[in-house]
Amino acid sequence: MSAAILGPVYIAGPMTSYPAYNFPAFHAAARHLREQGVEVVNPAELDEADSVKLGGRAWDEYVRRDLRELARCNSVAVLRGWQRSRGASLEVHVARALGMAVYDADTLEPYRETVLQEAQRVVDGDRGEAYGHPSVNHGCTAALVEAYLSRRYGSARFDALDVCMVNVLQKVSRLANTPGHRDSLVDIAGYARNAEMLTDPGG
């Protein structure tokens, strides 16, 4: 294990579509952390209490409760598959925005996500669900841009792939002023993934 983890630690991971809501993995991680003398906030334990007292809640109610619990913690431990969970991804995003350390629940080592891993998680995960396939999302943007350019210059041809490329160029422009800016690097990788989805039918 790395240097001592600062508690309380919030456990973030996937639940939906898992057998028993993945509670066994949450409980195992909580037990492992407590054996290290770390205070733990385990949402599976909170859910079990709710099911007895309240008969369950709607998804958004669980999220509101869990974010309140997360906000009182100092770090987060992530379970396998957290990237594919809308709720866990939101929790990790909030934790990082608040400056919390993020650990791998199995190894208790700091969790490090590469630019490519983050881009894939965003494009193929929550953002993909929210915006749909890039042929639809960027296609709509392309139609609006094409209409604008046609109105202004008399003719234009602009498609979804062009939207990806222009967005990449915008991020390159930003990187010229802030080299190494992680969000711009993630966005470039994400737009490259979108371009692949547009040009490769199997992508």
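Heads up: numbering here begins at 1 and tracks the sequence.
Follow the hydrophobic side-chain contacts under 4.5 Å out from V168 and you never reach L116; the two are in separate clusters. With hydrophobic clusters built from ILVMFWY side chains whose heavy atoms lie under 4.5 angstrom apart, V102 shares a cluster with L67. V41 and L90 fall within a single hydrophobic cluster, where Ile, Leu, Val, Met, Phe, Trp and Tyr side chains are chained together by heavy-atom contacts under 4.5 Å. Y148 and F158 fall within the same hydrophobic cluster, where Ile, Leu, Val, Met, Phe, Trp and Tyr residues are linked whenever their side-chain heavy atoms come under 4.5 Å apart, directly or through other members. Under the 4.5 Å side-chain heavy-atom criterion for ILVMFWY residues, a single connected hydrophobic cluster contains both L149 and V163.
For the atom pair CZ of R31 and CG of N42, the computed distance is 10.5 Å after rounding to the nearest 0.5 Å. With rounding to the nearest 0.5 angstrom, the CG atom of N22 is 11.0 Å from the CZ atom of R80. Atom SG in C164 sits 11.0 Å away from atom CG in L169 (nearest 0.5 Å). The line from CG of L6 to CD of E39 is 10.0 Å long, rounded to the nearest 0.5 Å. Between the CD1 atom of I11 and the CD atom of E45 there is a distance of 7.5 Å, given to the nearest 0.5 Å. Between Y10 atom OH and M100 atom CE the span is 10.5 Å, to the nearest 0.5 Å.
In this structure, the side chain of D104 does not engage the main chain of Y111 through any donor-acceptor pair within 3.5 Å.
Atom CZ of R152 is surrounded by 12 or fewer heavy atoms from other residues, nucleotides or ligands within 6.0 Å. Within a 6.0 Å radius of CZ in R96, more than 12 heavy atoms belonging to other residues, nucleotides or ligands are found. More than 12 heavy atoms of other residues, nucleotides or ligands sit less than 6.0 Å from atom CZ of R34.
For the pair C73 and V9, the minimum side-chain heavy-atom distance is 4.5 Å or more. The side-chain heavy atoms of R72 and R68, taken from C-beta on, include no pair separated by under 4.5 Å. Residues W82 and S89 meet the side-chain proximity criterion, which asks for heavy atoms closer than 4.5 Å. Residues P8 and N74 are in side-chain contact: their nearest non-hydrogen atoms beyond the backbone lie under 4.5 Å apart. Within the 4.5 Å cutoff, side-chain heavy atoms of Y103 are placed close to those of I5. No side-chain heavy atom of L198 sits under 4.5 Å from any side-chain heavy atom of D159. Side-chain contact between M165 and L161: present, with at least one pair of heavy atoms (C-beta onward) separated by less than 4.5 Å.
Under the 4.0 Å criterion applied to side-chain N and carboxylate O atoms, E61 and R64 are not assigned as salt-bridge partners.
Residues G190 and A119 share a closest heavy-atom pair of N-CB, 3.7 Å. Nearest heavy-atom pair across A88 and S85 is N-OG, 3.1 Å. Contact between L79 and P14 at its shortest, heavy atoms only, is CB-CD, 4.4 Å.
Using bins of under 30°, 30° to 60° and over 60° for the plane-to-plane angle, the ring pair Y191/H138 lands in the tilted bin. The aromatic rings of F26 and F23 lie perpendicular to each other, with more than 60° between the two planes, well past the 30° mark.
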| said: Is there a side chain to side chain contact (heavy atoms under 4.5 Å, CB included) between E91 and V76? Walk through the geometry before answering. | reply: CA-CA 9 Å; E91 290 163 350; V76 173; over 6 Å; no

| Residues L98, L70; criterion side chain to side chain contact (heavy atoms under 4.5 Å, CB included); working and verdict | CA-CA 10 Å; L98 295 176; L70 171 68; 5.6 Å; no

| task | Could you walk me through whether L108 and Q36 pass side chain to side chain contact (heavy atoms under 4.5 Å, CB included), step by step? | result | CA-CA 10 Å; L108 302 187; Q36 312 299 319; 3.8 Å; yes

| message | Working note: Y62 + R65, criterion side chain to side chain contact (heavy atoms under 4.5 Å, CB included); need CA distance, chi angles, decisive distance, verdict. | response | CA-CA 5 Å; Y62 282 110; R65 180 208 64 192; 3.7 Å; yes

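Every salt bridge (charged side-chain N to carboxylate O under 4.0 Å, His left out) that R157 has, sequence neighbours left out, goes to E146.
Among residue pairs with one or both ends in residues 162-179, those qualifying as side chain to side chain donor-acceptor pair (under 3.5 Å) are K171-D187; sequence neighbours excluded.
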